[in-house]
Chemist: 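Okay, handing you the structure first.
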Amino acid sequence: MDLGLTGKTALVLGASRGLGAASARQLAAEGAHVIAASRSGAAPADGMETLALDLADPDSVAALIDRLAGQPVDILVNNCGGPAAGPAKGQSRAAWQAAFDAMAAPIFAITDAALPAMIANGWGRVVTIGSSGIVQPIPNLALSNGVRGAVAGWSKTLAAEVAASGVTVNMVLPGRIATDRLAQLDGIKADKTGASLEDVQQASRATIPAGRYGTPEEFGAMVAFLCSQQAAYVTGSMIRVDGGMIRGM
Ligand SMILES: NC(=O)c1ccc[n+]([C@@H]2O[C@H](COP(=O)([O-])OP(=O)(O)OC[C@H]3O[C@@H](n4cnc5c(N)ncnc54)[C@H](OP(=O)(O)O)[C@@H]3O)[C@@H](O)[C@H]2O)c1
């Protein structure tokens, strides 16, 4: 299937590794010109345009917003680093504020800066990477569950505001996809419980009907589809890529 992305420009945030990198590679494979942004500015594939961006640094975000005024994009994939693990009880106000300032506020501002050109063109795609924790909160990931809930509310509200302009706004929710972040979280759990890493991973796989972690490529394929011409009538949705892990409907 030709996704119709040849000639489109896509900005992917958090694109040096993991889910963002896989999304960037898939969009590039479909013919889009991809700008891969991250703190390190590392390229997810040879020859890809890169951009140094720290979502937690307001000056860095402001520089990207300035750039978008002169160099518009057709596709925006919002992604960020995950926050520290920890319970809901006892989280400091500062920790909540820092998580919101790194994971939500910059995404809202960058999307706002990208939207005018998409609306003027009558075509645009905004895809935000979330988490299964939006639908089924993950124990000991309170900051992620809470802030991503806010992002989900924003995404759904925005989708209705711009739908008639040909701009779709969706989220993709990873369950457990094999990336550095997942390896880090499994390591934290192993340290906390005293179990071996292999035992933690085996127990985790046992909760997934598919019986395995997903691959970044499987995740990136869904992001690319939501950016396609074919997905023009899909908006305001949260699509799960989770091997059936989320138990609710
Ligand atoms: N993997 C999963 O199964 C899973 C499940 C649920 C939710 N998620 C969430 O999905 C997102 C992506 O997951 P992942 O597994 O791909 O994570 P990852 O392997 O940790 O990659 C995170 C990416 O974001 C970039 N990044 C981190 N902090 C940034 C910042 N302040 N400004 C700009 N870029 C930043 C990183 O690059 P630099 O270090 O170069 O900046 C990297 O490219 C995370 O928020 C994660 O919590 C993942």
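Start at 1 with the first residue, then count along the sequence. We count ligands from 1, going down the list as the structure has it; atoms in each ligand are counted the same way.
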Chemist: Could you walk me through whether R205 and E198 pass the salt bridge (charged side-chain N to carboxylate O under 4.0 Å, His left out) test, one step at a time?
Modeler: CA-CA 10 Å; R205 284 194 292 267; E198 178 48 38; 3.2 Å; yes
Chemist: Given R176 and D186, is the salt bridge (charged side-chain N to carboxylate O under 4.0 Å, His left out) satisfied, shown in steps?
Modeler: CA-CA 10 Å; R176 296 182 74 75; D186 283 345; 2.6 Å; yes
Chemist: Could you tell me which atoms of ligand 1, counted from 1 in the order shown, lie closer than 4.0 angstrom to a heavy atom of D180?
Modeler: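 Taking each heavy atom of D180 in turn, ligand 1 has 19 (O) under 4.0 Å.
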Chemist: Is the backbone N or O of A195 less than 3.5 Å from a side-chain atom of D199, with the two atoms forming a donor-acceptor pair by type?
Modeler: no
Chemist: I'd like to know if the side chain of T215 pairs up with that of E218 as donor and acceptor (distance under 3.5 Å, no hydrogens or angles considered).
Modeler: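 Judged by distance alone, the side chains do pair up.
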Chemist: Can you tell me if G130 contacts ligand 1 (heavy atom of the residue under 4.0 Å from the ligand)?
Modeler: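 It does; at least one heavy atom falls under 4.0 Å.
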Chemist: Where on L53 is there a heavy atom closer than 4.0 Å to ligand 1, on the side chain, on the backbone, on both, or on neither?
Modeler: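 Contact part for L53 vs ligand 1: backbone (N, CA, C, O).
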Chemist: Quick check on contacts: which atoms of ligand 1 are under 4.0 angstrom from a heavy atom of I177?
Modeler: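 Near I177, meaning under 4.0 Å from one of its heavy atoms, ligand 1 has 1 (N), 2 (C), 3 (O).
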Chemist: With distance as the sole test, does D2 use its side chain to make a donor-acceptor pair with the main-chain N or O of G4 at under 3.5 Å?
Modeler: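 Checking the backbone N and O of G4 against the side chain of D2, a donor-acceptor pair under 3.5 Å is found.
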Chemist: Report yes or no: does G175 have a heavy atom closer than 4.0 Å to ligand 1?
Modeler: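 Contact check G175 vs ligand 1: positive.
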Chemist: Give me the residue, atom name and distance of the protein heavy atom closest to atom 25 (C) of ligand 1.
Modeler: G14 CA, 3.6 Å
Chemist: What atoms of ligand 1 come within less than 4.0 Å of a heavy atom belonging to G82?
Modeler: 44 (C), 45 (O), 47 (O)
Chemist: Atom 11 (C) of ligand 1: which protein heavy atom is closest, and how many Å away?
Modeler: N79 OD1, 3.2 Å
Chemist: Report yes if the side chains of R39 and D57 come closer than 4.5 Å at any heavy-atom pair, otherwise no.
Modeler: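 When only atoms from C-beta onward are counted, D57 and R39 do not touch, as no gap falls below 4.5 Å.
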Chemist: To the closest 0.5 Å, what do you measure between CG (L53) and CD1 (I35)?
Modeler: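 Between L53 CG and I35 CD1, I get 11.5 Å after rounding to 0.5 Å.
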Chemist: Between ligand 1 and G20, is the shortest N or O to N or O distance under 3.5 Å?
Modeler: no
Chemist: Could you pull out, from R181, R17, R176, the option with a heavy atom nearest to atom 36 (C) of ligand 1?
Modeler: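 Selected option, by shortest heavy-atom distance: R17.
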Chemist: Report yes or no: does N170 contribute a side-chain atom to a donor-acceptor pair with the main-chain N or O of M238 at less than 3.5 Å?
Modeler: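 Checked: no pair found.
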Chemist: Please walk me through it: do S60 and D54 pass side chain to side chain donor-acceptor pair (under 3.5 Å)?
Modeler: CA-CA 6 Å; S60 180; D54 183 352; over 6 Å; no
Chemist: Suppose I only count heavy atoms of G18 and a 4.0 Å limit; which atoms of ligand 1 are within that range?
Modeler: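 Ligand 1 atoms under the 4.0 Å threshold to G18: 16 (O).
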Chemist: Report yes or no: does a heavy atom of A42 sit under 4.0 Å from some atom of ligand 1?
Modeler: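 Flag not set, A42 not near ligand 1.
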Chemist: For atom 16 (O) of ligand 1, what is the nearest protein heavy atom, given as residue, atom name and distance?
Modeler: L19 N, 2.7 Å
Chemist: Nearest protein heavy-atom contact for atom 26 (N) of ligand 1: which residue, which atom, what distance?
Modeler: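 Result for atom 26 (N) of ligand 1: G81 N, 3.9 Å.
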Chemist: Is it true that a side-chain atom of T157 and a backbone atom of G153 form a donor plus acceptor pair closer than 3.5 Å?
Modeler: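 Here the side-chain-to-backbone pair exists.
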Chemist: Determine whether a donor-acceptor pair (N or O, by modelled atom type, separation under 3.5 Å) exists between the side chain of T207 and the backbone of S204.
Modeler: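 Checking the backbone N and O of S204 against the side chain of T207, a donor-acceptor pair under 3.5 Å is found.
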Chemist: Starting from atom 14 (P) of ligand 1, find the nearest protein heavy-atom neighbour and note its residue, name and distance.
Modeler: T179 OG1, 3.6 Å
Chemist: Quick one: does R148 get within less than 4.0 Å of ligand 1, heavy atoms only?
Modeler: yes
Chemist: Walk me through whether R125 and E30 qualify under salt bridge (charged side-chain N to carboxylate O under 4.0 Å, His left out).
Modeler: CA-CA 15 Å; R125 300 284 186 264; E30 293 295 332; over 6 Å; no
Chemist: Is there a donor-acceptor contact under 3.5 Å from the side chain of S131 to the main chain of I134?
Modeler: no
Chemist: Considering non-hydrogen atoms of the protein only, which is the closest contact for atom 37 (O) of ligand 1, and what is the distance?
Modeler: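 Nearest protein contact, heavy atoms only, for atom 37 (O) of ligand 1 is S16 OG, 2.7 Å.
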Chemist: Checking a contact table here: which protein heavy atom is nearest atom 31 (N) of ligand 1, and how many Å away?
Modeler: D54 OD1, 2.9 Å
Chemist: Does any N or O of ligand 1 fall below 3.5 Å from an N or O anywhere on C80, backbone included?
Modeler: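 N/O-N/O distance under 3.5 Å: yes.
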Chemist: Out of P83, P174, A52, who is nearest to atom 8 (N) of ligand 1 when you count heavy atoms only?
Modeler: P174
Chemist: Is there a polar contact, in the sense of an N or O pair closer than 3.5 Å, between S132 and ligand 1?
Modeler: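 There is no such contact.
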Chemist: For atom 32 (N) of ligand 1, find the nearest protein heavy atom and state the residue, atom name and distance (0.1 Å precision).
Modeler: L55 N, 2.8 Å
